Amino acid sequence: MLDIDFIVANPGAVKAAIEAKQVDLDLDALLALHEEVKVLVGEVEELRHERNVLSKQTGSASADERGDLIERSRAVGTRIKELETPLREKQETLQLLLLRVPNIPGADEPVGPDEESNVELRRVGDVPMFSFAARDHVDLLEMHDWADIGRAGKIAGSRSYALKGDLLLLEMALWRFALDFTQQRDFTLISMPAMAREAAFVGTGHFPHGQEDVYRLGEDDLYLSGTAEVGLNSLHSEEILSVADLPVRYAGFSPCFRREAGAAGRDVRGLLRVHQFFKVEQYVACAADKDESARWFDMLLANGEAIVSALELPYRVIRLSTGDMGAGKVRTWDIECWIPSQEQYRETHSVSEYYDWQARRTDLRYRDAEGKVRHMFTLNNTALATPRILVPLLENHQQADGTVRVPEALRAYVGGRETLSSPS
RNA sequence: GGAGGGGUGGCAGAGCGGACGAAUGCAACGGUCUUGAAAACCGUCGUGCGCGCAAGCGUACCGGGGGUUCGAAUCCCUCCCCCUCCGCCA
């Protein structure tokens, strides 16, 4: 959500953002409604004042004055009620419109309608050149009995999986690796509820758009989060933190659920795009300062790069275009790891910067050095998500005999083993 | 799932239909005193919205929403959260 005063003062910039982000929203209608609400609020408050004065007099009035005062006060009350209903409706409508106003994309980000306009920033690491017939990750899983995807599908449908044996241990090793990594960089480790109320999803900006990609637990008015960000972002809602408490830094661990409603038929093979996964998510809420926010963005990105580098995965960094980055974001850069079987890079990390867009929706505030209450700036990035990361990990580190080399940084987490192979 | 008890300012805790945006204590902040600190004393000390250069004024908020009333922190309804006991359970 943008500051309404900012919208009023900069309608041109907001309209440009609406276009760049491809949002369906009539800003002029929003501004007109805002004006209407303002006038109506003024009228209602004036009437309330009148009623308050009369009521106050009633309390200390003599018996013969009382009747008259009550009568006049009652008349004012009736007029208030007549205005309150339409006012409430207009305020609710305005609020819904405000929730749909996108953030202003950063001036340096590529402008374009979709991923075609994304810009590659850099490539790091050498793509492996196999001297043998390389297997894709599903073949490797089957070869070593590391997963049962077929039977998992019988239980829960497509995009389900069941990791087995050493691969389950490897998955857990990756979680532990990511938790240690983030903790060493002063993130507070925290597990997050996988389910949350609607308000939390509105807070991050996942709602009101994007409802179709979220599992709904209708009986209980809860939804399954697709990322720990949903919970993390609401952790300090409705509080006013001290500037000394900032930045707030969490590494949130949680199971994640996505319906993948918009991806029908895409990436159905294997572990790349599944309904249920696990993620360690980096989350930062810092003071309302664009330079500081930019520094945290760099840091979150650097952490992501350090993690894939430690896993010895070739990757690239891309800047998402305005049409691809999501309504709430100032900018989003992705880290994509090389998938040999697909001969392309695929997203494993996504860094996002919001300024105060999420904080206004979530009511995340702090008192600055001058004592002024301000909204925080929020950012997030993946630290590590499994099982997706297993895809590049297995495929890039496979050897001619089908065994998989364990990258140095991970060995401490798998009992010192240098390779993974079939159970004997 | 059943029975009961609670949610008031940063914290503790009064208030239970009008003079209550809310006593009191603690914490915090500013000041006096002091070589410095502590103590003591004086003062300040919630948020949103509207108007205003500002001081300030108005309005709303005592878990959320709705209602009764001339008037609600106080009464009613409903939802949420916390606590205790019973049941079930990893």
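Values reported hereafter were calculated over all heavy atoms of this structure, with side chains retained and with hydrogens, waters and symmetry mates removed. Below, chains carry the letters A, B, ... as their sequence lines are ordered, and counting in each starts from 1. Every value quoted in this text rests on a predicted model; they were computed, and no experiment measured them.
Phosphate contact (OP1/OP2 of rG18(B), side-chain N/O of Asn52(A), threshold under 4.0 Å): absent.
Considering only side-chain atoms of Arg88(A), the nucleotide from rU47(B), rG66(B), rU68(B) that sits closest is rG66(B). Residue His49(A) has its side chain nearest to rG58(B) when only rG58(B), rG71(B), rG67(B) are considered. Side chain of Arg367(A), nearest nucleotide from rU68(B), rG71(B), rU47(B): rU47(B). Of all nucleotides listed (rC51(B), rG46(B), rG18(B)), rC51(B) comes nearest to the side chain of Lys38(A).
Note on Arg66(A): a base of the nucleic acid sits closer than 4.0 angstrom, heavy atoms only. Nucleic acid contact class of Val373(A) (heavy atoms, under 4.0 Å, all strands): sugar-phosphate only.
Arg159(A) has no carboxylate O lying under 4.0 Å from a charged side-chain N of Glu260(A), or vice versa, which leaves the two without a salt bridge. The residues Arg135(A) and Glu395(A) are annotated as not salt-bridged, no charged nitrogen and carboxylate oxygen being separated by less than 4.0 angstrom.
In terms of polar N and O atoms assigned as donor or acceptor, the side chain of Glu45(A) never comes within less than 3.5 Å of the base of rG50(B) in a complementary pairing.
Aromatic ring centres of Phe278(A) and Trp175(A): separated by under 6.0 Å.
Rounded to whole Å, the C1' atom of rA19(B) lies 27 Å from the corresponding atom of rA12(B).
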